[in-house]
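Lettering of chains follows the sequences in order, A, B, ..., and the numbering in each one begins at 1.
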Protein chains: 2
Amino acid sequence: MIRRFLSKNKAVLGYGLSLAVLLFILKWLELRFVIYDHAMELYVGAIALMFTLLGIWLARKLTRPQKETIIIEKTVYPDTSLGFVPNETEIAGLGISKRELEVLELMARGFSNEEIANRLFVSLNTIKTHSSRLFEKLDVSRRTQAVEKAKRLRLIP
Amino acid sequence: MIRRFLSKNKAVLGYGLSLAVLLFILKWLELRFVIYDHAMELYVGAIALMFTLLGIWLARKLTRPQKETIIIEKTVYPDTSLGFVPNETEIAGLGISKRELEVLELMARGFSNEEIANRLFVSLNTIKTHSSRLFEKLDVSRRTQAVEKAKRLRLIP
DNA sequence: CGATGGGTCATACTTTAGTATGATTTTACG
DNA sequence: CGTAAAATCATACTAAAGTATGACCCATCG
C-alpha cells in the first residue's frame with residue numbers, strides 16, 4: 001500500500017523534497033552571508049530563478065501528456081474468402097438447414113443443379129428438393145433471386 | 001516586422017512583463033512593510049510560490065505539448081452499392097455492349113428473362129439473344145455463372 | 001455506297017430449373 | 001424408444017433458360 005502511494009505521488013514527493021532542499025540552501029545562505037539590504041535583490045533573484053525552474057520542472061512532470069488519437073481509415077476490399085461472418089441469426093430465423101446452405105453456396109458460385117449433385121455426391125432430384133425448399137424459405141422463385149437475397153442478408157459471402 | 005516579432009515572442013514578452021510586475025510588487029511590499037527578520041520566511045515563501053506558479057505557467061506556454069499519438073486502424077468496407085465504379089477496361093475488352101450490360105445487371109438482381117424483357121420493352125427472344133451473346137463473351141454457360149463472373153470482374157455492383 | 005456492329009425479333013429445338021407428391025432413411029432429442 | 005426434423009431419392013410434370021439460325025432496321029465509318 002505504501003509503495004503504491006509512493007509510486008503514485010512521486011511527483012508530489014519530489015516537489016516536497018526539492019522544497020526542503022531549497023529551504024535548506026536558503027537557510028545556509030542566510031547563515032553564511034549576512035544579508036545586507038543591497039544583497040536583497042540578488043537573493044530574491046536567486047530564489048525567483050530557482051523557483052521558476054522548479055515550476056517549469058513541476059509543470060513538465062505533472063501535466064499528463066495530451067493524447068492525440070489518429071484514426072487511420074484503412075479501406076479493406078471485401079475479401080470474401082477471409083473476412084466473412086455469416087448472419088447466423090437470419091439463417092436460423094429462416095429455418096435454413098446446413099445442407100440447404102451448402103446448396104445455396106454452390107448455387108451462388110454458378111454451379112448447375114447437376115454439378116451441385118455431383119459435388120455433394122447426391123442425386124439431381126435431391127438438389128432439386130433442397131433448392132425448392134430453399135426458395136420457399138427465402139420467399140423467392142428463382143435461383144438468381146435466391147442468390148441475390150442470400151448475399152443481401154449475408155447468409156453467404 | 002515589429003508586429004511579427006511581437007506575435008512570435010509573445011510568451012517571452014509575457015515572461016518579461018510578469019517579471020517586471022512581480023519586481024514592482026516586491027518593491028512595493030519592501031516599501032510598505034519594514035521587513036523584519038521574522039517576516040523573512042513569509043516573504044521568501046510568497047516569492048517562491050509566485051515564481052513557482054510563473055514557472056508552471058511558463059512551462060505550459062513554452063514547451064510544446066507532449067503528444068502521445070494513438071493510432072487506431074479502422075477497417076472500412078467500401079459501400080459497393082454507393083461507390084461503385086465499373087471496370088470499363090474489362091467491359092470494353094470483352095466487347096460487351098451497353099444493352100448487354102443492362103441485361104446483365106437485371107439478371108444479377110434476380111429477374112427472369114421475361115421480367116427483363118418487360119422492363120426494357122423488348123421481346124423475350126431479344127433478351128435471350130442478348131444473354132446468349134453475353135454468355136459467349138463472358139465464356140460461361142449459365143446466368144448464375146455470368147453474374148458471379150461479372151461481379152468478380154467488377155462489371156456490375 | 002457498302003460493310004460493320006448493335007439492336008431487334010421470330011421459329012424451332014434442347015437443356016436446365018423448378019413444382020408436386022410421396023416415400024425411405026438418418027439423426028437428434030426429450 | 002418413439003417422434004420430429006433433416007436428408008435422401010423417385011416419378012411426372014411445367015416453366016424457364018439457353019442454343020441455333022435467319023432476318024430486318026439503323027447508325028456509323030472508311
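Heavy-atom minimum distance, B/Ile116 versus B/Phe111: CG1-CB, 3.7 Å. Scanning both residues, A/Lys151 and A/Ala108, for their nearest heavy atoms gives CE-CB, 4.4 Å. Nearest heavy-atom pair across A/Val122 and A/Ile127 is CG2-CD1, 3.6 Å. The nearest pair of heavy atoms linking B/Ala150 to B/Leu104 is CB-CD2, 3.7 Å. Contact record, A/His130 with A/Arg99: NE2-CG, 3.5 Å, taken as the closest heavy-atom pair.
For the pair B/Ser123 and B/Arg142, nearest-nucleotide mapping onto DNA chain C gives the more 5' position to B/Ser123. Taking for each of B/Val122 and A/Ser131 the nucleotide of DNA chain C with the nearest heavy atom, the 5'-most of the two is the partner of B/Val122.
Among the nucleotides D/dG18, D/dA16, D/dA7, the one closest to the side chain of A/Arg99 is D/dA7. Distances from the side chain of A/Thr129 to the nucleotides D/dA10, D/dA17, C/dA17 place D/dA10 closest. Checked against C/dA17, D/dT11, C/dG7, the side chain of B/Ser97 finds its nearest nucleotide in C/dG7. For A/Lys128, the listed nucleotide lying nearest its side chain is C/dT19; candidates were D/dA10, C/dT19, D/dA17.
Remark: B/Thr126 is in phosphate contact with C/dC9, judged by side-chain N or O atoms under 4.0 Å from OP1 or OP2. OP1 or OP2 of C/dT19 has at least one side-chain nitrogen or oxygen of A/Ser132 nearer than 4.0 Å. Within the 4.0 Å cut-off from OP1 or OP2 of C/dG7, not a single side-chain nitrogen or oxygen of B/His130 is found. For the OP1/OP2 pair of D/dA16 and a distance below 4.0 Å, the side-chain nitrogens and oxygens of B/Asn113 include no atom meeting the criterion.
In the helix from C/dC1-D/dG30 to C/dG30-D/dC1, the end axes, each obtained as the rotation axis mapping the C1' atoms of four pairs onto the next four within a five-pair block, lie 50° apart to the nearest 10 degrees.
Residue A/Lys98 contributes atom NZ, which lies 12 Å from atom P of D/dT8 at whole-angstrom precision. Atom CG of A/Asn125 is separated from atom P of D/dC13 by 14 Å (rounded to the nearest Å). Protein atom CG of B/Leu120 is 15 Å distant from nucleotide atom C1' of C/dG6, rounded to whole Å. The CD atom of A/Gln145 sits 14 Å away from the C1' atom of D/dA15 (whole-angstrom rounding). Regarding B/Leu134, its CG atom lies at a distance of 11 Å from the P atom of C/dG7, rounded to whole Å. Across the protein-nucleic acid pair, B/Arg119 atom CZ and C/dT8 atom C1' stand 21 Å apart, rounded to whole Å. Straight-line distance from the CG atom of A/Leu124 to the P atom of C/dT15: 14 Å, rounded to whole Å. A/Phe111 has its CZ atom 19 Å from the C1' atom of C/dT15, to the nearest Å.
The CG atom of A/Asn113 sits 9.0 Å away from atom OG1 of B/Thr144, with the distance rounded to the nearest 0.5 Å.
Side-chain contact annotation: A/Ser123 with A/Thr126, donor-acceptor N/O pair under 3.5 Å present.
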*Using the salt bridge (charged side-chain N to carboxylate O under 4.0 Å, His left out) rule, take A/Glu100 and A/Lys137 through it: C-alpha gap first, then chi angles, then the decisive distance, then the call.*
CA-CA 10 Å; A/Glu100 285 164 351; A/Lys137 287 171 183 177; 2.8 Å; yes
